[in-house]
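Data block below; observations after.
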Amino acid sequence: MIQLFNVSKEYGRFRHALTEVNCTIERGEFVFLTGPSGAGKSTFLKLLFREEPPTSGQILVNGRNIGVLPSSQVPYFRRTVGVVFQDFKLIARKTVFENIAFVQNVLGLPRAEQKRRAYQVLKRVGLHHQMNAFPDELSGGEQQRVAIARAIVNEPTLLLADEPTGNLDPALSEEIMRLFAEINIRGTTVLVATHDYGLIRRMGKRVLTLERGRLREVGLAPEPAAVVREAPFLPLG
Amino acid sequence: MTIKPRYLFSEAWSIARSGARQTAVAIFLTALALYVPGLLALLAKNVGRLAAQPQESAAVVVTADPGADLSALARRLAEDARIARVRVVPSEAALEHFRRAYPELGAALAELREAPFPPTLEVVLKPESPPGAAAEIARNAAALEGVETAESEEEFGRKFRDAVRMLRGAGLFLGALLTIAAVLSVASTIRLALDLHREEIEIMRLMGATEGAIRAPFWLHAAAVGLAGGLVALGLLYGTYEAVSHYLAREPHPVLSLFWVGFLSLPAALLLPAVGTAAGFAGSLLSLGGRSRR
C-alpha cells in the first residue's frame, strides 16, 4: 500500500526534515505516526499526500511512485487520498455541504448525487443536520468531523490525519479516534500523526515514531483500547 | 478533466460577490477607459463621413457673373477629361442651403429682395485625377468668360482629410493606452481577489482541484468585469450620442449639426464589449501568471 525507500526531505542545505526513512504500511492498516514537535510528522504526511516532493528516495502509494508524479497528475492523485488537517482547513464562505461536495462539484456530479453522498458521510460523523451551516457556526469538534466527512466522501483508500485532535478536548479526541477506527474497519488505510501518547496507548495500534527526522521505532502500542472494539461511536452504513 | 459550467459560474459569482466594491470599481474604470476612445471613434466616424467621399465633394468652386449662362459654362468646364461632374448651384439653391445651415439667420434673410449669393458651379474631379489638377482647372476656369472667381478646394479637402485621419489616429492611440489601463485595472482587481481567496485556493488545491479548476473562475470573473465595463461604456456612449442629438435638434449648431448624424455601426459598437472582455481576460492572465501558484 505505502512503501518508503530511503526517503529524505531537506529544506535548504542545512534543514533535514526527514533522513533515510524506510517503512511499509499495509492495505487496511491503522497506524499512528508519533514523535515530538519538529520530528518530521507533518513532513512525512506531506510527502504521502504529495504536497511536497521528497529530496531523495522513493515513495510508492498503491504501486505508484508519487515522488516523480507529474504536477498535472497530482490533483488526480490527491482525490484518491483523504486528508484531515489539525486546523480543519474548511472554506469559511462555503456551507458544510459545499465544503464536502467541493470535488464532486468540480467534477460535475449531479447535485442530487452530491447531496446524497454528503448526507451519508455527514450521518456517519453525526452531523447530517448541519448540512447548510457555515463552518464558523460549528464548534471545534464539529468542524473536525466535517473535515473528516470531507476526507472520506470520495471513499479514499488512504486516510491521512495530521494532529486531528490537537485542538480538541480529551472527550472529543476519543470521539474522533473512534470515528477513524470505524473508517478503518470499513477497509480504509488510516495513518494518524499525533503526539498524544495516551490516545495512542488506548487505541492499541501500530506506531511509527519519528525523532529528528529519523524513523526510530516501529511497534505496537502496549495497551489495546477495548472501547473501540466494544462500542463503536456510530452505527455502520 | 473538463470544468463544469455550473461550478465555473457559481465560483466566479462568488468571487465577484466577495469583493463587490473592487468589482464595481474595475467595471467603472474599464468603462471609462473604453468610453473615451469610443467617443473619439464616434467623432471620427461622423466627421469622416464628410471626408470619406472625396469624389463627391467639389474640388473647384466657380462663381459665375450674374446673368451668365450657367449651363453653357458647365458644358465648357466638363470638356476637361479630368472632371467627373459639374453641379450647377443657382442663387436660390445656395440661399436655401444657407438657410438650412444657419436657421437662426432665416428671419433676416427672408427680408432680402434679391438672392445674396451668386450662382456657382461645383466641379467634381475624377478619382484618378493627379494632385494639383484642381488648382490648374481653377486657373483655366477663371479665364473663361462669365466667370467671376474660380477657387480650388483641393487643399482644404486634403487638410480636412488629414484632420480626420489624425482624429482616428488619436482615437486609436488613446484607445490602446486606455485599454492597457483597463487591463491593469482588472489585473489589480484579480490580484486583490486572489489575496482574498489565497487560503481557499490552497485548500482547493489540497482537495485535488486542478490548476484549471482554480484559475478558470478568476478568468471568467475578469472577462465578465471587462464585458460589463464594455457594455457600460457602450451605454454611456449611446447616451451621449442621444443627448447631443436631442440638444442639436432643439438648438441647431452650424457645424455640429452637419456631421453629428449617426451612431457607430453595429460591428464598431460591439467592439467595445469585445475589447472590454479581451482586456479583462488579459488582466486575469497578467495576475494569474504564476500568482495563484504556491
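Lettering follows sequence order; numbering is per chain, from 1. Computed from a predicted structure; not experimentally measured.
- For the atom pair OG of B:Ser14 and CD of A:Glu98, the computed distance is 8.5 Å after rounding to the nearest 0.5 Å.
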For this session: Take A:Glu51 and B:Arg205 through the side chain to side chain contact (heavy atoms under 4.5 Å, CB included) test and state the conclusion after the steps.
Result: CA-CA 9 Å; A:Glu51 196 178 338; B:Arg205 199 174 271 129; over 6 Å; no
For this session: Report the C-alpha distance between B:Glu211 and A:Val74 in whole Å, list the side-chain angles of each, state the deciding distance to 0.1 Å, and finish with yes or no for side chain to side chain contact (heavy atoms under 4.5 Å, CB included).
Result: CA-CA 10 Å; B:Glu211 283 303 310; A:Val74 170; over 6 Å; no
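- The distance from the CD atom of B:Glu199 to the CG atom of A:Leu90 is 10.0 Å, given to the nearest 0.5 Å.
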Problem set entry | Test side chain to side chain contact (heavy atoms under 4.5 Å, CB included) applied to B:His197 and A:Arg93, step by step | CA-CA 10 Å; B:His197 293 81; A:Arg93 70 178 172 91; 3.8 Å; yes
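- Within a 6.0 Å radius of CD in A:Glu137, more than 12 heavy atoms belonging to other residues, nucleotides or ligands are found.
- Proximity to chain A (any heavy atom under 4.5 Å) is restricted, for B:Glu11, to the side chain, taken from C-beta onward.
- Distance CZ/A:Arg150 to CD1/B:Ile203: 6.5 Å, rounded to 0.5 Å.
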For this session: Kindly determine whether B:Leu206 and A:Phe49 satisfy side chain to side chain contact (heavy atoms under 4.5 Å, CB included), including the steps that lead there.
Result: CA-CA 9 Å; B:Leu206 290 173; A:Phe49 189 45; 3.5 Å; yes
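- Here the closest heavy-atom approach between residue A:Arg111 and residue B:Arg6 is recorded as CD-NH2, 3.2 Å.
- Atom NE2 of A:His195 has 12 or fewer neighbouring heavy atoms from other residues, nucleotides or ligands inside a 6.0 Å radius.
- In B:His246, the NE2 atom is not crowded: 12 or fewer heavy atoms of neighbouring residues, nucleotides or ligands sit closer than 6.0 Å.
- For A:Phe77, no part sits under 4.5 Å from any heavy atom of chain B, backbone or side chain.
- Under a cut-off of 6.0 angstrom, the local environment of CZ in B:Phe173 is sparse, with at most 12 non-hydrogen atoms contributed by other residues, nucleotides or ligands.
- With a 6.0 Å radius and a threshold of 12 heavy atoms from other residues, nucleotides or ligands, A:Phe134 has its CZ atom above the threshold.
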